[in-house]
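Each remark here refers to the structure printed beneath this line.
Here the structure is a predicted model, which means the values were calculated and not measured. In what follows, chains carry the letters A, B, and so on, assigned in the order in which the sequence lines appear, proteins first and then strands, with residues in each chain numbered from 1.
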Amino acid sequence: MKVFKTQLTAARIVEMTGGRFNGNDDIQISRIADVAEADINSVIFIESEKYISRIAGPEIGLIVTTAEFENVLTGHNLLIVEKPYHTILQIADHLISSDETVMEWTVDCSALIDPSVSLPEEVYIGANVVIGKNTRIGNHCIIAANSYIAEDCILDEHTRIYPNVTIYSGTRIGKRVRIHAGCVISADGFGYLLINGVQRKIPQIGNVIIHDDVEIGANSCIDRATIGSTIIGQDTKIDNLVQIGHNCIIGQHCILCAQVGLAGSTVLGDYVYLAGQVGVAGHLTISDRVMVGAQSGVTHDLSADGKFFGSPAREANRMKRIMAIENNLPDMYHAFRRLIKEDKESQ
Amino acid sequence: MKVFKTQLTAARIVEMTGGRFNGNDDIQISRIADVAEADINSVIFIESEKYISRIAGPEIGLIVTTAEFENVLTGHNLLIVEKPYHTILQIADHLISSDETVMEWTVDCSALIDPSVSLPEEVYIGANVVIGKNTRIGNHCIIAANSYIAEDCILDEHTRIYPNVTIYSGTRIGKRVRIHAGCVISADGFGYLLINGVQRKIPQIGNVIIHDDVEIGANSCIDRATIGSTIIGQDTKIDNLVQIGHNCIIGQHCILCAQVGLAGSTVLGDYVYLAGQVGVAGHLTISDRVMVGAQSGVTHDLSADGKFFGSPAREANRMKRIMAIENNLPDMYHAFRRLIKEDKESQ
Amino acid sequence: MKVFKTQLTAARIVEMTGGRFNGNDDIQISRIADVAEADINSVIFIESEKYISRIAGPEIGLIVTTAEFENVLTGHNLLIVEKPYHTILQIADHLISSDETVMEWTVDCSALIDPSVSLPEEVYIGANVVIGKNTRIGNHCIIAANSYIAEDCILDEHTRIYPNVTIYSGTRIGKRVRIHAGCVISADGFGYLLINGVQRKIPQIGNVIIHDDVEIGANSCIDRATIGSTIIGQDTKIDNLVQIGHNCIIGQHCILCAQVGLAGSTVLGDYVYLAGQVGVAGHLTISDRVMVGAQSGVTHDLSADGKFFGSPAREANRMKRIMAIENNLPDMYHAFRRLIKEDKESQ
């Protein structure tokens, strides 16, 4: 359970979120807790009856709930709202951004920054960070410990690089981007030509461009373009262990869940949703708002607004029917064998 | 082939493992080798005839084998036991733990440890390790080079962190846990709400709890809970490149093979076995001792002691029948078309 | 877009690649660009009409194209060849190797190298690199920042390790090998025996051998052998996020695409091609030149020169027929139900 540096009184929370308060409004809140672990400095939320019995003790800072549970929870400090979960998110956002405001901007003395790099005043560079020649780091960037950023990169303002990230040369990263630990950005695309029995490497001399507000999960890999750029569109969110091949172009506001893999040169529209472990072949076009179910294998272009799943991925309703019949195949086969037998006997 | 610092005489090995010895018991053993690479300081084991012809030369330290092969191997130093492989494991365990005993407890001068951290006397902290504020490190822990442990973490005794691991804040790790290189523990869970066309991040303010005797393979990711904890139960073993989503609760003694992916809030019982590349959807319950075959896609709860496979995963015997029929579909289709044709002709 | 340190005049390029030149041969080329981003120092190639309209402006250093497009592109500096893409690769190779020649061989003062390691004169060791006892580094090796190489390893000449790589002890790596960022080589194989309800670890005391000219993509994992060696054959290319289990033996010139997973002790011949997300069970043999389609699950041995796909993987032509029928199952089922009904009515 995270303990925030910032503390909020219940009174301040009510002022911020609205809702009806009942209890002691001096209470100091610095934790957002699960019901079972809550203490006197915690806020929890209750939206369902089953969580009430799990409340650990009487000493809870604040319970955000609906009018429905007000009577069952008497004696607690209560904040009555319509959507407790949304109120909790609001409180969390406030605590997180307050904590970031109290952050100390500093450059660790163990960081190895090329003399050509001019750092802005408000920046955090952690221990053992290495930054190469001519790379530009925007204001309010956070580069955590043991990360490596090669030469000729650009990181725009408010971008955060977690520990042990590797960013190869020439990468361009927008504002408010978050790249989680262990990611590798702009490693070589995977391309070889078999010439005289030898796998000859195709030089990979493009780069990667990541637009504003992108978040990339831990240990994901985005390969540089062979020529040109691999592009991740604004506000797209990528989960852990995802592979984006060279020259892919991903639209805006997409969601790519964990372990998704995109082969090279595939183009995704905006608001595309790929569930976990989906694979997409190379040189395809996936249109806006397409949704693809988990573990699907996409082998051809998919058109706008459709839902697809399966390997190979088919239109969802058709695939559901196919799967229902597959599930029924033993019975069908049995009946079929009987038919064949009857047919033979009747001849 | 690993060369151990510890050396054991054949006499000492026999004393330790039991069995019947025949040969020169002064031989010094410091390697456990494959038959083809064995030398005078190596122990090998022979359980099957086909390996005998692969023996590289006459100069092998010790051969652990069964009575069955005693005559074929005369002239070698032989240790005759019932289960040679088990005896080899016993020797290996002894060599490994002896080597660990001779380990030098030391804190590398390049490590950057927050002043609030009080280290126990017997601990190994490698080069460039970074440890954040208020983190507690237990006795006999090994934190290898270039790893990063954020603030407010707890690592209990005898836990080993391999190089280039990243552990985000608030993580609690038990005793004798091993986390292999490149793992990322407690990165943010993957959660967004699409509000007014923008992917709004759901704050991720829970943590990860890893119980005693867990081992986690290289480059795996275990996400922190949104609220509450993602939990890995005691003695569970996780292979490389595995993804565990936020708020998952994994039981004890489970085996999760390489590239398995669990979406958020899924609960696994004890002794669950997930083979390689299995995907499990979110908010499911997998009961004790369930086994799931490789590449399966689990889309609904699975009940105790069952075996399942396929995508979507079905009960194993049913799935085997379905797959046999699928394999037979071309013939079935052919016969079916003939039936239809006859049917039409007869009308 | 990568800017090379090396500059080539158009005249020098023509001398090197052959072809017919038309234009100003003093032009200095230091970039290989996508058509849309090309400038006066860029070379681009045009092999298809659709790219002509995308040319950003008139100021392009050099266009490599075929005689077919010569007239449409008058006014530009043109190099007319038969295979423009191959010519571009030739230019790229030249620029890349020239740039590497101007590399400064140096050992960063923050690198922590065990005193037992004797470095050759021409070597690049980046910031915060850690190299363990008795490891041998060949001439012209590049070990990039924040990588960790444990004790008793061998890296032969011209091998390149990218940042944040972890190489466990005893690993042997050949000449001209490239290991991209975040890879973990020789972590423990995944093996446990369930004894009295506890997952007992099988000691992993073998190693990994990587032969000459291998390239390994970002965040991939190659586990050490239990006993003996996990082996990657000469000139084999491995993409990102690939898992190679303990004791696998991979042949020469193989291609393993992203997110492939091989369980333990599997043997691949030469020129084997595994597409993305393929899983291969343990203890199998895949013969020379076998090709396996994306997301396939290989559950039994595959014989030479065959093409296979599906999960479980079947011979490609058979699998195509099965999939075509699966796709047709709803219609087939409908017709089948009618037959059954007729059959019942006729009885």
Side-chain angles (χ1 to χ4, degrees), chain A residues 1-4 31-37 44-45 88-89 92-93 95-96 108 110 126-128 144-146 162-164 178 180-182 213 215 217-219 235-237 239-241 253-255 257-259 271 275-277 294-295 310-311 323 326-327 329-330 332-333 336 339-340 343, chain B residues 110 112 128 130 146-148 150 152 164-166 168-170 182-184 187-188 190 192-194 197-203 205-207 219-221 223 225 227-229 241-243 245 259 261 263 277 279 281 295 297 299 311-312 314 318 321-322 325-326 328-329 332 335-336 339 342:
Chain A
M1 179 176 46
K2 187 170 172 58
V3 180
F4 291 94
R31 299 173 182 189
I32 297 174
D34 188 55
V35 286
E37 60 176 3
I44 65 170
F45 75 102
I88 282 285
L89 296 188
D93 276 345
L95 287 168
I96 289 170
D108 194 281
S110 65
N128 307 322
N146 293 5
Y162 287 81
N164 282 313
R178 295 180 215 223
H180 283 277
D213 302 302
E215 182 157 10
N219 282 347
D235 195 40
T236 280
K237 312 299 184 184
D239 201 352
N240 302 341
L241 294 166
H253 315 288
C254 294
I255 296 281
C257 295
Q259 297 174 319
Y271 297 103
Q277 299 184 332
Q295 292 194 322
S311 181
M323 272 171 47
E326 277 177 350
N327 200 29
L329 272 179
M332 182 177 165
Y333 189 68
F336 174 74
L339 265 190
I340 295 276
D343 180 58
Chain B
S110 64
L112 293 154
N128 308 320
V130 179
N146 294 3
S147 279
Y148 173 83
D152 302 316
N164 283 312
V165 166
T166 302
Y168 286 49
S169 64
C183 279
V184 179
D188 286 3
F190 190 67
Y192 301 90
L193 292 170
L194 188 61
V198 172
Q199 303 289 0
R200 188 177 177 291
K201 184 177 172 78
I202 299 173
I205 50 188
N207 73 345
N219 283 345
S220 285
C221 299
D223 278 355
I227 296 174
S229 299
L241 294 164
V242 168
Q243 154 70 2
Q259 297 174 320
Q277 299 185 333
Q295 292 194 324
T299 56
S311 180
R314 300 186 179 100
R318 179 164 189 84
R321 266 189 301 159
I322 291 173
I325 298 168
E326 276 177 348
N328 211 21
L329 272 179
M332 182 177 167
F336 174 72
L339 265 189
E342 283 173 20

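A distance of 8.5 Å separates CG in A/Leu89 from CD1 in A/Ile32, rounded to the nearest 0.5 Å. To the nearest 0.5 angstrom, B/Asn128 atom CG is 10.5 Å from B/Ser147 atom OG.
Among A/Asp239, A/Leu241, A/Leu329, the residue with the largest count of heavy-atom pairs under 4.5 Å with chain B is A/Asp239. Annotation: maximal heavy-atom pairing with chain A below 4.5 Å, among B/Asn328, B/Asp223, B/Asp152, occurs at B/Asp223. The residue among B/Leu193, B/Ile202, B/Thr166, B/Leu194 with the most heavy atom pairs within less than 4.5 Å of chain A is B/Thr166.
Neither the backbone nor the side chain of B/Ser110 comes within contact range of chain A, judged by heavy atoms closer than 4.5 Å. Heavy atoms of A/Ala294 lying under 4.5 Å from chain B are absent altogether. Contacts of A/Gln259 with chain B are made by side-chain atoms alone, with heavy-atom separations under 4.5 Å and no backbone atom involved. Residue B/Ala263: no heavy atom, backbone or side chain, is found under 4.5 Å from chain A. With a 4.5 Å cut-off on non-hydrogen atoms, A/Leu95 does not touch chain B at all. Contacts between A/Asn146 and chain B at a heavy-atom distance below 4.5 Å involve the side chain alone, from C-beta outward. Neither the backbone nor the side chain of B/Thr299 comes within contact range of chain A; no heavy atoms are under 4.5 Å apart. Contact of B/Val130 with chain A is made through the side chain alone, with heavy-atom distances under 4.5 Å. The contact between A/Asn327 and chain B is made by backbone and side chain atoms together, counting heavy-atom distances below 4.5 Å. Proximity to chain B (any heavy atom under 4.5 Å) is restricted, for A/Ile96, to the side chain, taken from C-beta onward.
In terms of modelled atom types and a separation under 3.5 Å, the side chain of B/Tyr192 and the main chain of A/Thr236 share no donor-acceptor contact.
Proximity of B/Gln295 to B/Ser311: side-chain heavy atoms (C-beta onward) are nowhere separated by under 4.5 Å. Looking only at side-chain heavy atoms (C-beta outward), B/Arg314 and B/Ile322 come within less than 4.5 Å of each other.
Of all heavy-atom pairs spanning A/Ala127 and B/Leu112, the tightest one is CB-CD1, 3.3 Å.
B/Tyr168 has its ring centre less than 6.0 Å from the ring centre of A/Tyr162.
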